[in-house]
Structure formats: structure tokens, C-alpha cells
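Written below as C-alpha cells is the structure these notes are about.
Excluded from the calculations below are hydrogen atoms, water molecules and symmetry mates; all remaining heavy atoms, backbone and side chain alike, are included.
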Amino acid sequence: MGLKAIPPNFESREPSTPEVSAPTDHSQPLDAGGFANPAEPLKSAQKMVEVALKDEREGIIRFSFKTPGWDNLAASANRLLKFEFPTIRDIKVCERLIKTNVLSTGLSKKALETLPLHSLETIYVNLWRAWFGDDITLADEWLSLFLLAEDLDGFQLSAMVEQDVEQLGLRDQGAMHSYYYRGALSKEQMATFLTGHGYRTDYLGATQKLEISYLLCRRLTRPLPWSALLNKLEPADLKRYPRLAYLKALYEALGQKKWIVQPITPDTAFAQLNQLSQWLNHKDFSRMGAAYHLPRPVKALVIVEGETEKLLLPMFAQAMQLDFNLLGIHLLPAGGKNHVLSIYRQQAQTLNCPIFIVLDQDAGAIAQEIRTNFRQGDYIFTIQEGEFEDLYDMALVLKTINLHYQPYPEVTAYSFLKLTEESKAKGRVQALKVLWQSYNLGSFDKIDFAIKYTETFQQSQLSKEVLAPPKAIRRLIETILTVRHSSKAYPGF
């Protein structure tokens with residue numbers, strides 16, 4: 001299906017009924033104070049969205065969609081702010097919202113997977129506009145520019161452009177297929193490619209760095225109405241969607257700086273992008289992300305085997321007076337040691353920051369394979385004691401068992417050791433599984449136990465029974481810090 005969006009103004013949203021329920025607090029063009037003036041809100045969000053796409057063989061084809069529910073749209077917007085490689089993230093987010101709201105029987109799951117990226121983006125933008133109308137404010141352009149600055153800070157520029165070009169033309173037919181636009185592209189090639197897919201090209205002269213100019217064209221052709229969405233968020237939404245709460249705080253900070261009253265033009269865009277990037281790397285900005293429990297900007301990625309490490313490492317760091325979010329340390333659970341290698345290879349090809357890998361003792365073969373193609377500055381930490389659970393403080397393990405699971409009789413250090421020896425259990429987790437069976441506590445759940453262990457540790461800290469994490473965990477966190485501080489300082493563009 002060689003469908004193309006109809007540029008530059010989309011034929012869309014011809015609702016079956018004009019009445020629907022709408023968002024409050026819309027944004028209009030900005031006033032001199034830097035914030036959007038509240039506009040007349042839409043009386044109703046449209047019940048149906050119709051998007052027209054041009055097919056090379058069949059002409060114009062119209063697809064119908066229901067208007068996303070508010071929670072559906074807010075959750076989608078929150079996913080767009082996830083720290084993930086932009087092209088992969090954006091395609092997943094677009095497809096998910098479209099699949100949820102499609103009404104046309106002709107747009108099956110299989111057909112959706114053949115839609116070109118520019119068609120997906122057209123549909124996605126129109127699903128937003130069903131709520132907020134067509135008006136795009138200066139604030140929306142500034143927020144889009146900031147999100148580009150954030151992506152450029154976290155990911156390699158060349159990888160971003162290469163993947164974007166590949167995906168944008170991958171499902172096209174004829175001369176606009178990405179096959180013809182591989183490698184380093186000239187300004188003329190970029191202009192042809194962007195025009196062929198319905199994107200503006202005037203930003204190609206914004207800077208001599210053509211790759212950045214290309215991304216400016218992509219991001220500023222169809223900005224999402226971010227300001228209207230942020231203005232509609234209720235306190236419950238801010239609590240439920242922390243990344244949106246963070247973006248709203250950023251939006252307000254931009255207003256205070258008076259930046260968002262300044263138009264973004266081809267002559268100013270690069271300097272404004274650089275300005276945002278420098279602000280992103282200021283220490284005050286890290287505090288903004290930490291306030292919403294987000295590591296922003298990300299300065300180190302820590303790949304761990306599972307959710308247990310993701311849950312407990314930040315807590316242990318906090319006990320050492322360290323805040324992973326403030327330090328920009330992002331934890332990524334691999335879902336098991338067998339996935340660590342593939343995740344590392346993906347991240348190593350795209351990330352700007354160092355990668356720290358935590359592996360259990362039995363993952364030696366995986367560590368060896370990772371080292372065959374290891375980036376300078378990355379680090380593998382092998383837990384010599386066994387698994388992460390083997391680093392737990394034994395006194396707190398016993399307290400957690402007796403306090404939260406209430407076995408009878410209570411488990412003591414002696415009874416736990418005796419049971420471990422008799423069962424010949426290898427490692428803390430296996431010993432706990434045996435204990436659970438012995439006491440008829442059901443199946444041992446590592447995540448549930450980690451949560452309960454966290455509560456016990458925090459209670460012990462409050463009562464000053466335990467003031468610091470176990471020595472082995474302190475060593476692990478100190479090594480993470482060393483690698484994080486090796487991250488290069490912001491070099492600018």
C-alpha cells in the first residue's frame with residue numbers, strides 16, 4: 001500500500017456529528033508575557049476523525065477513526081516522552097494510538113504495518129487535532145524544539161538521521177524509497193526526500209550541519225499541540241503521567257524565560273536549539289527532572305537483568321545520600337540475562353552516554369561476548385557473590401520474612417542456614433524458594449520480596465537500625481558513579 005499523506009494541509013476530520021465534549025484551556029498565539037492566552041475551548045471533541053491519504057494506484061482513500069478518549073490520548077503523549085531511541089519510540093506510539101481508535105475495516109493490523117511513516121504521522125496528528133483543533137502556537141514549536149534538543153543530547157545524531165530516513169522511506173514505492181537515500185545525503189538529496197514525503201525544507205539552511213537541519217525540518221513541519229494538552233491536564237493526570245508533569249513544568253519555565261515569545265525561523269532555529277541544549281545540561285534542569293522522579297538529562301544508562309535491581313538500586317543510592325534521578329542515571333531492566341547482550345548492542349549503536357551493565361556471577365559467557373564489541377567508556381560489573389539478592393543484608397532478609405510473611409515458627413538465622421545446607425540450595429534465591437515451600441507460603445516471588453525488603457529497609461532507616469546499604473551494594477553504586485562521571489561534558493553542536 002503506497003499511501004501518502006496529503007501535504008501540506010491535511011484533509012481530515014469531517015465528523016459525522018459536530019458536537020462532542022471538549023478539552024478546556026486551549027492555547028492560542030502567545031502574548032507578550034510568554035504564555036498562551038486561553039482561547040475559546042472547543043465545545044466538543046469530534047466523535048469521528050476522517051483522514052485522507054493518497055494512494056499511487058487508487059487515488060485518495062479515506063480512513064475513519066474514533067476520537068481517542070482523554071486517558072488514551074494522555075497516555076500516548078506520555079509515551080512520546082519516554083527515554084528511548086526516537087524513531088523506534090515514535091513509530092510504536094503512533095501505531096498504538098491508531099490501532100486503538102481505527103474504525104475503517106480496510107485498515108487492518110496487517111495493512112497498518114504497511115503504512116509509510118509519514119502516513120502514520122499524519123493520522124496521529126489528526127487524532128490529536130480532534131481534541132485541540134488546528135491552531136499551533138509558538139509554545140508548541142518551542143516544545144517540539146526542546147524535545148529535539150533532548151533527543152540530540154541522549155542519542156547519536158548520525159544514528160537518529162540514518163534511522164529516520166530509513167523508516168520514512170521504507171514502505172514507499174518508487175523514487176522516494178529509502179533505498180535511494182542511503183549514506184551521507186547532500187542538501188539537494190535531503191530537499192528532494194523531504195519534499196517527496198510532504199515535509200518542509202526551509203530549515204535545511206538553518207546550519208551547515210545538514211543532519212541537524214534535516215531533523216529541524218522533520219520536527220517543525222507538523223508540531224503537536226502540546227501546549228493545549230498541557231493546559232488541559234488535571235492534578236490527577238499530573239500524578240498519573242509523570243513525564244507529562246515534567247513537560248508542563250518545563251513549559252512554565254520556558255514561559256518565565258520569555259523565550260517562547262520569539263518566533264522560530266530558519267535564521268534563528270539552530271541558535272535556539274543550541275540555547276535549549278545548554279539549558280538542558282544546567283544543574284538546575286536536573287532538579288526539575290528529579291522532582292518528577294525522572295533522570296533528565298540522562299548521563300548514564302545502567303542495564304540490569306531484572307526489575308529487582310531497578311527497584312532497589314535507587315533506594316540504596318538514596319541511603320548513601322545520592323539521587324539517581326538528579327545524577328541522570330537511567331535504569332533499564334533487560335527482562336533476564338539472556339536479553340542483556342541484544343539490548344546492549346542496540347543501545348551502544350545509538351546512545352551518547354556511557355552504558356553500565358550489571359550481571360550475575362553465572363553470566364560470564366554473556367559478559368565475554370559483550371566485550372568482543374565493547375565501546376570505550378562502558379563497563380561491566382559482575383556480582384561475585386552470585387545474584388543481586390545475595391547482596392541483601394541477612395538480618396533485613398530475616399526481618400522482612402517474619403514481618404511481612406509471618407511464617408510459624410519465626411525464621412531465625414540458624415533455621416535459615418540449616419534449611420539452606422540441608423537442601424543444598426545454591427544462592428539466596430534458591431534458599432528462599434525452599435523456605436517458602438517448607439513454610440507453605442506459596443511460590444516465592446522475587447519482585448514481591450524486593451518490594452517488601454524495600455519497606456523493611458526504609459523502616460529500619462527511620463528507626464536508625466540500619467544506616468547504610470551492605471558493603472557490596474555500596475561498591476556497586478560507587479562504581480556506577482565513577483562511570484557516570486566519566487560521561488563527557490556537553491560539547492554543544
Name the one of Arg89, Gln347, Lys92, Arg79 that satisfies side chain to side chain donor-acceptor pair (under 3.5 Å) with Glu84? Lys92
Calculate, to the nearest 0.5 Å, the distance between atoms [atom1] and [atom2] belonging to [X] and [Y] respectively.
X      : Y      : atom1 : atom2 : result
Leu276 : Asn281 : CG    : CG    : 11.5 Å
Gln458 : Thr456 : CD    : OG1   : 9.5 Å
Thr350 : Asp151 : OG1   : CG    : 11.0 Å
Leu127 : Lys66  : CG    : NZ    : 11.0 Å
Phe356 : Leu481 : CZ    : CG    : 9.5 Å
Ser178 : Gln163 : OG    : CD    : 10.0 Å

Would a distance-only check, ignoring hydrogens and angles, find a side-chain to backbone donor-acceptor pair under 3.5 Å from [X] to [Y]?
X      : Y      : result
Asn126 : Thr122 : yes
Thr207 : Ser213 : no
Arg484 : Ile329 : no
Ser342 : His339 : yes
Asn352 : Leu152 : yes
Gln318 : Asp323 : no
Asp164 : Val161 : no
Arg182 : Tyr179 : yes
Arg200 : Leu220 : yes

[X] to [Y] - nearest heavy-atom pair and separation:
X      : Y      : result
Ser64  : Ser104 : N-OG, 2.6 Å
Ser286 : Leu326 : CB-O, 3.5 Å
Ser158 : Glu211 : CA-OE2, 3.5 Å
Phe324 : Pro295 : O-CB, 4.3 Å
Leu280 : Ala149 : CD2-O, 3.9 Å
Tyr181 : Val165 : O-CG1, 3.4 Å

Heavy-atom distance under 4.5 Å between the side chains of [X] and [Y], does that happen here?
X      : Y      : result
Leu230 : Leu143 : yes
Leu332 : Val302 : no
Phe316 : Leu476 : no
Pro68  : Thr100 : no
Val102 : Phe63  : no
Leu107 : Phe65  : yes
Gln278 : Asn274 : yes
Ile260 : Thr137 : no

Can a salt bridge be assigned to the pair Arg287 and Asp284 using a cut-off of 4.0 Å between side-chain N and carboxylate O?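 Yes, this pair counts.
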Considering only NZ, NE, NH1 and NH2 on the basic side and carboxylate oxygens on the acidic side, decide whether Asp140 and Arg222 come within less than 4.0 Å.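 Judged by the 4.0 Å cut-off on N to carboxylate O distance, Asp140 and Arg222 do not form a salt bridge.
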Determine, stepwise, if the pair Gln275 / Trp259 fulfils side chain to side chain contact (heavy atoms under 4.5 Å, CB included). CA-CA 10 Å; Gln275 185 181 31; Trp259 289 353; 3.3 Å; yes
For the residue pair Ser76 / Tyr124, report whether a side-chain donor-acceptor contact shorter than 3.5 Å exists. yes
Do Thr268 and Gln272 get their side chains close enough for a donor-acceptor pair, meaning under 3.5 Å? yes
Would Arg218 pass as a cation-pi partner of Tyr199, given that its NZ or CZ must be under 6.0 Å from the six-membered ring centre and within 45 degrees of the axis?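 Cation-pi check for Arg218 and Tyr199: passes.
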From the options Ile136, Val125, Leu147, select the one residue that forms a side-chain contact (heavy atoms from CB on, under 4.5 Å) with Leu224.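 In the set Ile136, Val125, Leu147, the residue that makes a side-chain contact (heavy atoms from CB on, under 4.5 Å) with Leu224 is Val125.
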Would you call the rings of [X] and [Y] parallel, tilted or perpendicular, where under 30° means parallel and over 60° means perpendicular?
X      : Y      : result
Phe285 : Phe146 : tilted
Phe155 : Phe85  : perpendicular
His197 : His118 : tilted

Does NZ in Lys452 sit with more than 12 non-hydrogen atoms of other residues, nucleotides or ligands closer than 6.0 Å? yes
More than 12 heavy atoms from other groups under 6.0 Å of NZ on Lys99: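 More than 12 heavy atoms, drawn from other residues, nucleotides or ligands, come within 6.0 Å of this atom.
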Would you sort out whether Leu120 and Arg171 count as a side chain to side chain contact (heavy atoms under 4.5 Å, CB included), showing the intermediate values? CA-CA 11 Å; Leu120 288 175; Arg171 298 171 183 174; 4.0 Å; yes
Between Trp226 and Trp128, is a ring pair (Phe, Tyr, Trp, His ring centres under 6.0 Å) present by the stated rule, with each step listed? CA-CA 9 Å; Trp226 282 108; Trp128 276 60; 5.1 Å; yes
Is there a side chain to side chain contact (heavy atoms under 4.5 Å, CB included) between Trp142 and Tyr251 once you walk through the steps? CA-CA 9 Å; Trp142 271 95; Tyr251 170 42; over 6 Å; no
Go through the steps to decide whether Leu351 and Arg375 satisfy the test side chain to side chain contact (heavy atoms under 4.5 Å, CB included), and finish with yes or no. CA-CA 11 Å; Leu351 273 184; Arg375 296 190 318 172; 4.3 Å; yes
Go through it in stages, so that I can follow the logic: the residues are Asp153 and Lys299, the test is salt bridge (charged side-chain N to carboxylate O under 4.0 Å, His left out), and I'd like the CA-CA distance, side-chain angles, deciding distance and then a yes or no. CA-CA 9 Å; Asp153 185 85; Lys299 294 301 177 186; 3.7 Å; yes
